[in-house]
There are 2 protein chains.
Amino acid sequence: MKRDIQKEHAQSCDMLHHHDELVERVVHEMPPEEDLYDLADFFKVFADTTRIKILYVLLKQEMCVCDIAQTLEMTQSAISHQLRILKQMDLVKNRRDGKIIYYSLADNHIVSILSQGMDHINE
Amino acid sequence: MKRDIQKEHAQSCDMLHHHDELVERVVHEMPPEEDLYDLADFFKVFADTTRIKILYVLLKQEMCVCDIAQTLEMTQSAISHQLRILKQMDLVKNRRDGKIIYYSLADNHIVSILSQGMDHINE
DNA sequence: TTTACATATGAACAATTATTCATATATTTA
DNA sequence: TAAATATATGAATAATTGTTCATATGTAAA
């Protein structure tokens with residue numbers, strides 16, 4: 001993930017910014033850097049069509065890797081890579097049944113985030 | 001945005017997938033491709049620290065480009081580029097007052113999406 | 001109508017990332 | 001134990017994207 005290099009001084013607006021103590025105040029009200037990075041990383045998971053599709057599949061149905069691949073007409077490898085990312089972010093969980101590993105949504109939080117997104121694009 | 005090339009046939013699992021009519025059913029229950037792309041594009045906007053920071057700033061306070069740059073210690077150009085993306089996605093709006101252009105959040109939808117994200121990472 | 005200032009934008013570069021391909025691991029069955 | 005099947009994973013490649021730099025646009029003041 002790209003973490004931006006901090007400038008010693010922002011030299012925008014020829015150093016003549018308008019609202020000095022406003023800036024000061026808002027700077028102090030900002031959440032910790034770390035949280036903002038984590039939040040961006042969280043949304044990054046939803047920022048890919050393949051992962052969105054996987055989540056929509058699992059929304060309907062627990063499924064094995066093979067069937068997800070079949071459903072999305074993609075390779076098993078591609079799906080497996082993306083499932084790993086979803087798992088790392090605790091968006092999906094899995095259980096093993098013999099050779100087959102079934103994936104499902106980790107919690108209902110995800111459903112409501114997806115719905116809110118859908119609401120916005122269909123405003 | 002990267003749109004994946006569809007395979008004629010998914011050849012995962014050596015063509016021997018487990019749950020044929022399950023796959024069939026879920027395929028038909030999927031939302032339109034287009035919507036899924038749009039949804040991923042929507043979340044892509046939140047998937048960058050700079051844009052997240054801008055949104056958190058505007059959550060507190062309407063602000064001009066220059067002051068946002070000052071607040072985040074980044075160049076005016078970088079902020080301006082990101083504001084354009086936020087505007088295109090209807091996450092922010094702006095008004096002109098003389099030479100200065102003030103940006104603010106487009107609606108309260110955004111607040112709740114950010115909060116839900118924060119909730120998840122602090123689960 | 002020049003000059004200064006606030007913002008926007010195009011091109012180039014650096015960094016990130018999704019998929020593919022080859023192969024490894026794990027489990028079941030013969 | 002060997003063979004087959006389901007899934008995972010590392011490396012390479014192609015594509016996307018955020019920032020910088022230089023410059024353009026638009027507005028106000030001199």
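The chains referred to below are lettered A, B, ... by the order of the sequence lines, with proteins before strands, and numbering in each begins at 1. Everything numeric here is computed off the predicted structure, so don't read it as measured data.
Protein atom CG of A/Leu72 is 15 Å distant from nucleotide atom P of C/dA18, rounded to whole Å. Going from atom CD1 of B/Ile85 over to atom C1' of D/dT19 covers 11 Å, rounded to whole Å. Between B/Ile68 atom CD1 and C/dA6 atom P the separation is 14 Å, expressed in whole Å. Atom CD of A/Gln88 is separated from atom C1' of C/dA18 by 14 Å (rounded to the nearest Å). Atom CG of B/Asn94 is separated from atom P of C/dA6 by 17 Å (rounded to the nearest Å). Atom-to-atom, CZ of B/Phe46 to C1' of D/dG18 comes out at 18 Å; the value is rounded to the nearest Å.
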Could you run down the sub-3.5 Å N/O contacts of the protein with nucleotides 9-13 of chain D?
unit_1, atom_1, unit_2, atom_2, d
D/dT9, O4, A/Ser77, OG, 2.7
D/dG10, O6, A/His81, NE2, 2.9

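Ring geometry for B/Phe46 against B/Phe43 counts as tilted: the plane angle lies between 30° and 60°, on a 0 to 90° scale. The aromatic rings of A/His120 and B/Phe42 sit parallel to each other, their planes meeting at less than 30°, with 60° as the upper class boundary.
When B/Leu86, B/Leu91, B/Val111 are each tested for a side-chain contact (heavy atoms from CB on, under 4.5 Å) with B/Leu105, only one passes: B/Val111.
Here B/Ser104 pairs with nothing under the side-chain hydrogen bond (donor to acceptor under 3.5 Å, both in side chains) rule; sequence neighbours left out.
Where B/Ile100 and A/Gln82 meet DNA chain C, the nucleotide closest to each residue was compared, and B/Ile100 sits on the side nearer the 5' end.
Using a 4.0 Å cut-off between charged nitrogen and carboxylate oxygen, A/Glu21 and A/Arg25 do not count as a salt-bridge pair.
Closest to the side chain of A/Cys66, from the set D/dT7, C/dT7, D/dG18, is D/dT7.
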Could you run down nucleotides 25-30 of chain D 5' to 3' and tag each one B, S or - for protein heavy-atom contact under 4.0 Å?
-SBS--
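Contact check for A/Cys64 versus A/Tyr103: no side-chain heavy atoms found under the 4.5 Å cut-off.
Counting heavy atoms of neighbouring residues, nucleotides and ligands inside a 6.0 Å radius, atom CG of A/Asn122 exceeds 12 of them.
At the heavy-atom level, A/Tyr103 lies under 4.0 Å from the strands shown only through sugar-phosphate atoms.
In terms of modelled atom types and a separation under 3.5 Å, the side chain of B/Arg51 and the main chain of B/Val45 share a donor-acceptor contact.
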